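Because the structure is a prediction, the values reported are computed rather than measured.
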Amino acid sequence: MRDLVFVAFLCALFAAGLRRPFVFVLTYVYIDIVSPQRLTYILLNSVPISLIAAGLSVAAWMVVDDKRDTRIAPRQLLMLALLFYCLWTTKTADFPVDAQYKWEWVWKALAFAIFLPLTLRTRLRIESLLLFMVLSAASIIIVGGIKTLGSGGGYGELNLMVSNNAGLYEGSTISTVAIAIIPLILWFSRFGTVFAPDWRVRTFCFALVFSCLLIPVGTSTRTGLLCIGLLGLLMLRDVKRRLTYLALAGAAGMLALPFLPSAFTQRMETIGTYQADASASTRLAVWAWTLDYVQQNPFGGGFNAFLQNRIRYEKVAVVGEGGNRTVERSLEVDKARAYHSAYFEMLGEQGWPGLFLWLAINLGGLFRMEVLRRRYAKADAGETWVVPLAAALQNGHIVYLFGANFIAIAFQPFVFMLIGAQIGLDTYLARKRAEAAWRPLQRRKAGTIAA
C-alpha cells in the first residue's frame, strides 16, 4: 500500500509538470529530501526516480523555460570548480571503490545546486522551492515530533519512518535541519503567498516550529540543543523588544525543563564532560589525525579517506557516589572512525583546496544575504518581504554551519538547495533592479533645440 501511495503521488507531480515544467524541479526536491525509495518496499526501489526528475527538470528548462537575462552567479562557478575538483580527488582516492559510492550522490547534489538558480526567475518560484523544502523536511519532522510526545524518544531510538541512519533520517542531521528551517517557517507565517498567512496557516506554522524544537529532544542530540541556543541569539537581531524576548525565552526554557525526558537531560549533561563520552573523545582524536594526515597529503585522500585512520584516545569516567567517587582513566583504541565534522570531512577528503572552495561557497552566501538585508532595509511597500527572507536564509545557513562542526554534512543536498535558493533570490532581485533602472530614450518635445 505504501508503494502505491508514493507512486500515485509521484505520478500526480509528473502530470502537473507537463503543464508547469517547474513542478519537475519541485519533484526532484521532494525526492532528494524525503527519499521515498527508502520508505517503499518494491516499486520505487527499482526505478531511478531521482535521475528521471532531474533529467525532466533540465530538459523542461532548456526547451520551455524563459532564459532571457539568465545570470550566472560567482558561487555557481565556485560550485562547478568544487564539482570538478571532487571528480579529480575521486579518481585519485585512497579508497577508489568507497569514494565512487559517495561520489555517485555528491555530484548530483552539486550539479543540481548549480542548475537550480537558473530556474528561479520569479518570486513565486523562489517561494515554491522553499515551501517544498520545508514541507518535505516537515514530513519527517512531524513524525518525529509525534513520536517524541508519545514516547520521549532517546539517543538512537527515535525511528523517523525508516530504520535508516543516513541523510535526513540521521538524528543529528535532522536536528540541525529542523532548527535551521525555523526562520523560513516563521517567514511563511507572515509573508507567504502560495498559502495566504491566515489563522490556519499561522497555526500550522507555529505547530511545525514546536515540532522542530521537539526533534533534538526526541533524538537526544547535543548538536540540536546547541543549534537552538544559537538560533535564539540570532533572532535577537530582528526582534523589536529584546528584553521581552529574552524574558519569554528564559521562561519557556524553565517551563519546559520539568517535561524533558531523563534520556535527554542525561545526554545533555555530557556536553561539559566530553572525556567521559566515547563519541566526543573519538571526534577529537579523529580531528587530530586529520590534521596530521593533510600535512602529508595537502590535496586530501578522496571520499571516505577516514577508513584508514587508527586512533588512540583517553576516556575518563567517574565511578561511585559521594565520598567514594573516583576517576578512572582508560586508553581506548579504534580505527576507521568517521570525521563527525563537515570541516574536517572537507579537509581530510578534499584537502586544503577543497576546504577553501567549500568555505567560499558557504561564507559567500552569508555575505550576499547580509548585502540584501542592508540594501533593502528601507524597501518600498512591495519589497517588504525581501529583508525577512534574506534574514531567514542567512540565519538558517548559520545554524547549518554551526551544526556542521559536529556532523559530517559538508555535501548534504538540503543545504545545497538552500544555497541555490540564496543565489536565485540574489539574481532575481538583481534583474528587478536592472529593470527598474532602465529607462528608454524619449523623443524630444517638438521645438526643443539640442544643446
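Taking the six-membered ring for Trp and the full ring otherwise, Phe306 and Trp289 have centroids separated by 6.0 Å or more. Not less than 6.0 angstrom separates the ring centroid of Phe115 from the ring centroid of Tyr28.
Looking at heavy atoms from C-beta onward, Ser175 lies out of side-chain contact with Thr223 at the 4.5 angstrom threshold. Within the 4.5 Å cutoff, no side-chain heavy atoms of Val399 are placed close to those of Ile182. Within the 4.5 Å cutoff, the side chain of Tyr428 has no heavy atoms near those of the Leu120 side chain. Annotation: side chain of Trp107 is not in contact with side chain of Leu110 (no heavy-atom distance under 4.5 Å). For the pair Phe411 and Glu345, the minimum side-chain heavy-atom distance is below 4.5 Å. Using a 4.5 Å cut-off on side-chain heavy atoms (C-beta onward), Leu56 and Ile52 make contact.
Under the 30°/60° scheme for interplanar angles, the aromatic rings of His397 and Tyr400 are found to be tilted.
Sorted by first then second residue, the ring-ring contact (aromatic ring centres under 6.0 Å, His included) pairs that include residues 123-142, not counting sequence neighbours, number zero. Sorted by first then second residue, the salt bridge (Lys or Arg N to Asp or Glu O under 4.0 Å) pairs that include residues 396-409, not counting sequence neighbours, number zero. Counting only residues at least two apart or in different chains, salt bridge (Lys or Arg N to Asp or Glu O under 4.0 Å) contacts with residues 380-394 are absent.
Separation of atoms CD1 (Ile215) and CD1 (Ile142) is listed at 9.5 Å; rounding is to 0.5 Å. For the atom pair Leu208 CG and Thr203 OG1, the distance stands at 12.5 Å (nearest 0.5 Å). Rounded to the nearest 0.5 angstrom, Leu357 CG and Leu80 CG are separated by 10.5 Å. Rounding to the nearest 0.5 angstrom, the gap separating the OG1 atom in Thr173 from the CG atom in Leu168 is 7.0 Å. Ile361 CD1 to Leu82 CG: the interatomic distance, rounded to the nearest 0.5 Å, is 5.0 Å. Here the straight-line distance linking atom CE of Met417 with atom CG of Leu129 works out to 8.0 Å at 0.5 Å rounding.
The ring-ring contact (aromatic ring centres under 6.0 Å, His included) test with Tyr343 is passed by exactly one of Phe356, Trp358, Trp287: Trp358.
Listed for the Ser57 side chain is a donor-acceptor partner under 3.5 Å among the backbone atoms of Val25.
Applying the 6.0 Å contact sphere to NZ of Lys432 captures no more than 12 heavy atoms from other residues, nucleotides or ligands. For Arg374, the CZ atom is loosely surrounded, since the number of other residues' heavy atoms within 6.0 Å does not exceed 12.
A side-chain donor from one of Thr193 and Glu127 sits under 3.5 Å from a side-chain acceptor of the other. No hydrogens or angles considered: nothing links the side chains of Arg368 and Gln422 as a donor-acceptor pair under 3.5 Å.
Asp238 has a carboxylate O that lies under 4.0 Å from a charged side-chain N of Arg373, or vice versa, which qualifies the two as a salt bridge.
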